[in-house]
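Quick notes on the structure that follows.
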Amino acid sequence: MKKQLAMGLLAAFGATAVSLSPALAALKPGDMAPDFSAQGSLGGKDFSFHLKDALKKGPVVVYFYPSAYTGGCDLEAHTFAEQSDKFAAAGATIIGVSADDLTRLKRFSADPNFCAGKFPIASDADTKIAQSYNLSVATRPGAKDVNQDEINHAFIERVTYVIGKDGKILATLSSKSDGLSPDQHVDKSLAMVTASK
C-alpha cells in the first residue's frame, strides 16, 4: 500500500508550483504554537477542533499537508491512521490540516485507505492557520489528484508540529528543510510524543 501511494506522489505534483507567500521559516521548538479553531471531519462527519481544548488532554500533533488524494499526503494519512492507537496510548491528539474544502475532507477522512476515521482533519481553506505557523503556501495551476480531479485550492507546505501541553512547540518536522518523507513525519512525531510522556 505504501509503495502504491508513494508512486502517485510524482504524478500528482508534476506541475510547477507558484508561491503565494514569501519564503518563511516555520516556527521553531520553544516557540508558542498559535491557537486556532477549525472545522473539519472525523470519519466523514462534521468535526470542530480547537487547539487550546485539545492541549488540555495532552500533546497535539498538528500536521500540515498539501492536498488530500495526492501520493505523499495519502501515504502520510494512511500511516497516521495505522499508528493512531500508539499516539492515543501516549495521550496525544492528531489533527491534519490542509486547504482542502470540507466536502473533500469528509470523503478523505472516512476512506479506509487513508484517514479511516481514526483521527480528524481540518480545513484551512483561506490558509490563515498555515500563515500563522509561518508556512509557505503555493498554487499549482493544472494540478490533479490521484483521481484525476483538478485541485482548486492552495498547497500548504508539509510540516508537522509536535506541541506540548504547555502550548510550546516541542518539534518542527519539515519535508523541505529536513528531507523527511511523508511517513517519516509520523514515525518522528510518535517518537517525540512517546518521549515526552
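Residue numbers run from 1 in the order of the sequence given. None of these values were measured; they are calculated from a predicted model. These values consider heavy atoms only, across backbone and side chains, with no hydrogens, waters or symmetry-generated copies.
Partner S189 forms a side chain to side chain contact (heavy atoms under 4.5 Å, CB included) with one of V62, I94, V162, L170 and no other, that one being V162.
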Q: Apply side-chain hydrogen bond (donor to acceptor under 3.5 Å, both in side chains) to the pair E157 and S175, showing each step before the final yes or no.
A: CA-CA 8 Å; E157 71 174 300; S175 284; over 6 Å; no
Q.
For a side-chain hydrogen bond (donor to acceptor under 3.5 Å, both in side chains) check, start with the C-alpha distance between H78 and D183, then their side-chain angles and the critical distance, and finish with the verdict.
A. CA-CA 9 Å; H78 178 78; D183 52 337; over 6 Å; no
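Here D178 does not pair with K188 in a salt bridge; the nearest charged N to carboxylate O distance is not below 4.0 Å. Comment: R104 engages D145 in a salt bridge, judged by a side-chain N to carboxylate O separation of less than 4.0 angstrom. Using a cut-off of 4.0 Å between Lys/Arg side-chain N and Asp/Glu carboxylate O, R158 and E76 are scored as salt-bridged.
Put simply, NZ on K176 and CG on L135 are 9.5 Å apart, with the number rounded to the nearest 0.5 Å. Atoms CZ and CG, from R140 and N152 in turn, are 14.0 Å apart once rounded to the nearest 0.5 Å.
When only modelled atom types and interatomic distance are considered, D100 and H153 share a side-chain donor-acceptor pair under 3.5 Å. Under 3.5 Å, the side chains of K86 and Q83 contain a donor-acceptor pair of N or O atoms.
Taking the six-membered ring for Trp, F87 and F119 have ring centres at least 6.0 Å apart. Between Y65 and F155, the gap from one ring centroid to the other reaches at least 6.0 Å.
Below 30°, between 30° and 60°, or above 60°: for Y161 and Y133 the angle between ring planes is between 30° and 60°, a tilted geometry.
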